[in-house]
Amino acid sequence: MIKPISGFSKLSKEEKINFLVDVYLGKSESTRSLIQGFWHNNTEDQKVFDEFSENTISNFYFPYGVVPNMMINQKLLCVPMVIEESSVVAACSKAAKFWLNRGGFNAKVISTTKNGQVHFIWKGDSDKLKSFFESVKEELINSVSPLVKNMEARGGGLLDIKLIDRTSDEPDYYQLWGDFETCDAMGANFINTILEALGNSFTDLVKANSEFQGEEKDLQVIMAILSNYTPECVVEAWVECPIEELQDPASDMSSQEFIEKFSRAIRISKIDVNRATTHNKGIFNGIDAVILATGNDFRAIEACGHTWASRHGKYQGLTDVTVNDGKFRFSLKLPLSLGTVGGLTALHPLARTSLEMLGHPNAKELMEVSACIGLAQNFAALRSLVTTGIQKGHMKMHLMNILNHLEANDEERKKAKLNFSTETISYQAVRDFINSLRQYH
Ligand code: MEV
């Protein structure tokens, strides 16, 4: 039986691998070589990766791809994407090309305010707390001024604090709500630092006030943390063109029929939660891949996006379509809290390269690019779904994965590609085909 290990994090990387190989990986020397084979040749670079996280033993590679011809606000960009799923980059590239001749993508940042809360309990008199808060608000803000100085110099800072009474939801529960502008930083560390300081200052001010003598214990800070839900940090992306221009020469579907099916697909994403989830998953296929490529936090973006998708009390698809005066308009509006300075953006060599490829965008421009890629992804997915179906394109890309899995040689790959240019691709069909080639030999 395997016993728990203590002090694992204190072991060197080699010692950690020794432990894993001995205890969990069948003492396999080839697995040890595999793990070490993914180390960076340059030990200094590897050290950077090792220090991103704890208990690092190696690197786990994901494909780093690009979408060329992405016209955004009249600027032609090549957008980097990190994603393992076949067809996503191809789908975005297809949508980029489609809209290139129809005015390209447009995007506009609507707001950039982020927020966080000091969640606390106050068992005393509610009105007394509220008037006390108003009387010390200025002092509270001043108490964190040394911490916001640098951010203020960049044009940001703590914008406001409010006292929120949540006692109707949970007994004695209040929040100190902070609004923040973090400029080109995602700002999580900045916001959390300020919130913790505000929580401490508020506690100190209550303790020091003679009116609260004997009531100090009625105040208890539960936690201080930013919110990843940022409905005031929002961007909109859209494409538009005259209806006739939607006609695809490769398809026998009229533009009118296409729009009807497309609009119906959007409506279905608003009324059916099963479809809405997949619809939005496709949007995040695109957005997450840009977020990863630029060293941003895709978990924060996903969590926020799904909450936003539920803001009307029901989980819904994130994109919208309108047809007015002969014009088709397709749009995506969502909160995206991103940074182009700080965090991994400067540390990860390929994140740096991604930002350089995008022309060193500021955070607002990166919000615009990410939203456009999400929109492109959704357009490509819906276009396939309501015309040819998704599997044709997807399985063509997947054929490579199946052939890799079957360790097909060059000759077998050539024959398989030819055969499956007309045949339906499935794992079983490809395996049978390769087996038949091998048997024949
Ligand atoms: C696959 O990863 C994403 C799609 O299912 C999205 C969609 O259905 O809209 C193709």
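Positions are given from 1 along the sequence. Counting starts at 1 for both ligands and their atoms, following the listed order. Note that the structure is a prediction, hence the values are computed from the model and not measured.
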Would a 4.0 Å cut-off, counted as strictly less than, catch a protein heavy atom around atom 4 (C) of ligand 1? no
Which ligand 1 atoms are under 4.0 Å away from a heavy-atom of Asn285? 1 (C), 2 (O), 3 (C)
Side chains of Arg383 and Phe258: does their closest heavy-atom pair fall under 4.5 Å? yes
Please classify the Leu385 to ligand 1 contact at 4.0 Å (heavy-atom distances, strictly less than): side chain, backbone, both or neither. side chain
Minimum side-chain heavy-atom gap Leu25-Arg32 below 4.5 Å: no
Considering distance alone, does some N or O of Lys281 sit under 3.5 Å from an N or O of ligand 1? yes
Cation-pi, Trp39 ring and Lys13 (6.0 angstrom, 45 degrees): yes
List ligand 1 atoms under 4.0 Å from Glu85, heavy atoms only on the residue side. 1 (C), 2 (O)
Would Arg275 count as a contact residue for ligand 1, given that I'm defining contact as a non-hydrogen atom of the residue lying under 4.0 Å from a ligand atom? yes
Look at atom 10 (C) of ligand 1 and say which protein heavy atom is nearest, naming residue and atom and giving the distance to 0.1 Å. Ile390 CD1, 3.8 Å
Would you say Val430 and Leu403 make side-chain contact, with heavy atoms under 4.5 Å? yes
Could you check whether any side-chain heavy atom of Leu338 comes within less than 4.5 Å of a side-chain heavy atom of Ile301, counting everything from C-beta outward? yes
Within 6.0 angstrom of Asp160 CG, more than 12 heavy atoms from elsewhere: yes
Give the atom numbers and elements of ligand 1 that come within less than 4.0 Å of a heavy atom of Thr278. 5 (O), 6 (C), 7 (C), 8 (O), 9 (O)
State which residue, out of Thr230, Asp179, Thr182, fulfils the side chain to side chain donor-acceptor pair (under 3.5 Å) condition with Lys114. Thr182
Compute the shortest N/O to N/O distance between Asn378 and ligand 1 and return yes if it is under 3.5 Å, no if not. no
